[in-house]
Number of protein chains: 2
Amino acid sequence: MSNNQFKRGELYSVINGMATTAVARRLQKNFRNAGLEITIEQWSVLYHLWKEDGLSQLELGNRTFRDKASTTRLIDNLEKQELVTRVASKDDRRINLVYLTDTAKPLQQITYELANKTMNEALQNISKDEIEVVKNVLQRVYDNLTNKDLV
Amino acid sequence: MSNNQFKRGELYSVINGMATTAVARRLQKNFRNAGLEITIEQWSVLYHLWKEDGLSQLELGNRTFRDKASTTRLIDNLEKQELVTRVASKDDRRINLVYLTDTAKPLQQITYELANKTMNEALQNISKDEIEVVKNVLQRVYDNLTNKDLV
DNA sequence: TTATATTAGTTGCATAACTAACTATATGTC
DNA sequence: GACATATAGTTAGTTATGCAACTAATATAA
């Protein structure tokens with residue numbers, strides 16, 4: 001019997017990601033309570049642009065784990081809210097580089113604070129060691145399912 | 001400084017749930033490759049009905065971590081595919097009890113097997129102890145954010 | 001240099017999520 | 001019994017997801 005055999009009844013709770021969902025919902029709520037009109041999905045894109053502005057849509061999709069269709073529409077919505085602009089690359093005109101606008105810049109500080117607050121709420125009474133194990137395991141799960149595409 | 005302070009750059013990967021997403025996508029793919037036409041969201045509802053048939057929509061929503069509007073539409077779609085039927089409760093006619101049809105019953109075995117297969121793919125080289133820590137931490141994260149609704 | 005293949009992004013279609021407002025049934029209080 | 005309140009479920013509106021088919025631009029190969 002494999003080392004990783006689950007009792008069937010336990011499977012769903014592992015797959016379900018209820019904790020992830022709960023964190024996302026709480027962060028969204030904290031955004032809303034602070035009067036921020038952005039979704040956490042939009043924020044996930046802004047987050048990567050604050051780290052490195054002017055990424056291509058494809059690269060943004062990779063970093064936020066989305067396919068290109070989802071990325072297209074997320075950026076459509078961000079553009080509608082005037083938080084980013086698309087600029088065709090001069091080297092390769094197939095590529096759209098995505099840049100933050102001045103409207104987006106002041107959101108960085110407040111959303112970082114709200115994300116920190118949310119994580120503190122989520123991680124009450126959970127030790128640093130436990131968090132490290134979780135991060136490590138989830139990374140390995142991700143790698144198990146994506147590095148080799150054997151299906 | 002709090003015990004749970006994160007370096008900012010690490011925040012997103014924790015919130016994002018990329019591992020959860022990857023597992024869900026792989027399970028969906030495994031369903032599709034086996035010729036099953038159901039979504040994992042639909043499967044999550046069937047999963048609970050196989051454990052206990054005839055639950056109310058609200059109870060199904062609780063067990064699958066959905067609000068009632070989402071539950072309504074999920075069951076609409078399951079009904080369209082003739083996998084479940086709604087039966088008004090005789091005791092309280094506001095309540096819809098949801099029952100599996102004969103069409104749904106043969107799906108149980110094959111989807112359990114595919115879920116097991118998916119979890120084995122996901123959890124390669126991850127020890128039982130690590131899995132226990134992850135499950136325990138995620139449960140506590142969930143509890144931290146839901147037991148007391150202090151926002 | 002022309003034909004073919006690849007790549008980045010968009011669009012159509014279907015499912016699903018959440019909020020808020022709504023309907024219908026039950027319950028509680030006077 | 002009548003009126004207010006609570007509860008279960010539905011509907012409308014918006015955003016997001018994924019797949020597949022498409023366009024436009026670039027790269028490769030003959």
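Numbers restart at 1 for each chain; the letters A, B, ... are given by sequence-line order, proteins then strands. This one's a predicted model, so the numbers in the text were calculated from it and none came from an experiment.
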Margin query: Tell me if the side-chain of B:Arg93 makes a donor-acceptor pair with the base of C:dT25, cut-off 3.5 Å, by modelled atom types.
Written below: no
Margin query: For D:dA16 and A:Thr39 - does any side-chain N or O of the residue sit under 4.0 Å from the phosphate oxygens OP1/OP2?
Written below: yes
Next item on the list: Report the end-to-end axis angle of the helix from C:dT1-D:dA30 to C:dC30-D:dG1; each axis comes from five terminal pairs, and the value is rounded to 10°.
Entry: 10°
Next item on the list: From the options D:dT7, D:dT11, C:dG9, select the nucleotide whose nearest atom is closest to the side chain of A:Lys68.
Entry: C:dG9
Item checked: Ion pair B:Lys128/B:Glu132, N-O distance below 4.0 Å -> no
Notebook entry, point to check: Taking CG from A:Leu27 and C1' from D:dA16, how many angstroms apart are they, rounded to a whole number?
Noted result: 16 Å
Check: With distance as the sole test, does A:Thr118 use its side chain to make a donor-acceptor pair with the main-chain N or O of A:Arg26 at under 3.5 Å?
Finding: no
Checklist line | Positions of residues 71-82 of chain B (non-hydrogen atom under 4.0 Å from DNA chain D), listed by number | finding: B:Thr72, B:Arg73
Check: What nucleotide among D:dT17, D:dT26, C:dA8 has an atom nearest to a side-chain atom of A:Asp92?
Finding: D:dT26
Notebook entry, point to check: Within the structure, does a side-chain N or O atom of A:Arg66 lie under 4.0 Å from either OP1 or OP2 of D:dC19?
Noted result: no
Next item on the list: Could you check which of C:dA16, C:dT10, D:dT10 has an atom nearest any side-chain atom of A:Asn96?
Entry: C:dT10
Checklist line | Distance in angstrom units between A:Asn33 CG and C:dT19 P, rounded | finding: 11 Å
Margin query: For B:Gln139, I'd like to know if atom CD has over 12 heavy atoms of other residues, nucleotides or ligands within 6.0 Å.
Written below: yes
Note to self: Among residues at least two apart in sequence or on other chains, which ones pass side-chain contact (heavy atoms from CB on, under 4.5 Å) with A:Gln42?
What the structure shows: A:Ile38, A:Thr39, A:Leu74, A:Asn77, A:Leu78, A:Gln81
Next item on the list: Indicate yes or no: does B:Lys105 engage B:Asp102 in a salt bridge with an N to O separation below 4.0 Å.
Entry: yes
Check: So which nucleotide from D:dC19, C:dT10, C:dA8 ends up closest to the side chain of A:Ile95?
Finding: C:dA8
Checklist line | Shortest side-chain distance from A:Arg32, nucleotide among D:dG9, C:dT15, C:dT19 | finding: C:dT19
Next item on the list: Output yes when at least one side-chain N/O atom of A:Gln28 is less than 4.0 Å from OP1 or OP2 of D:dT15, else no.
Entry: no
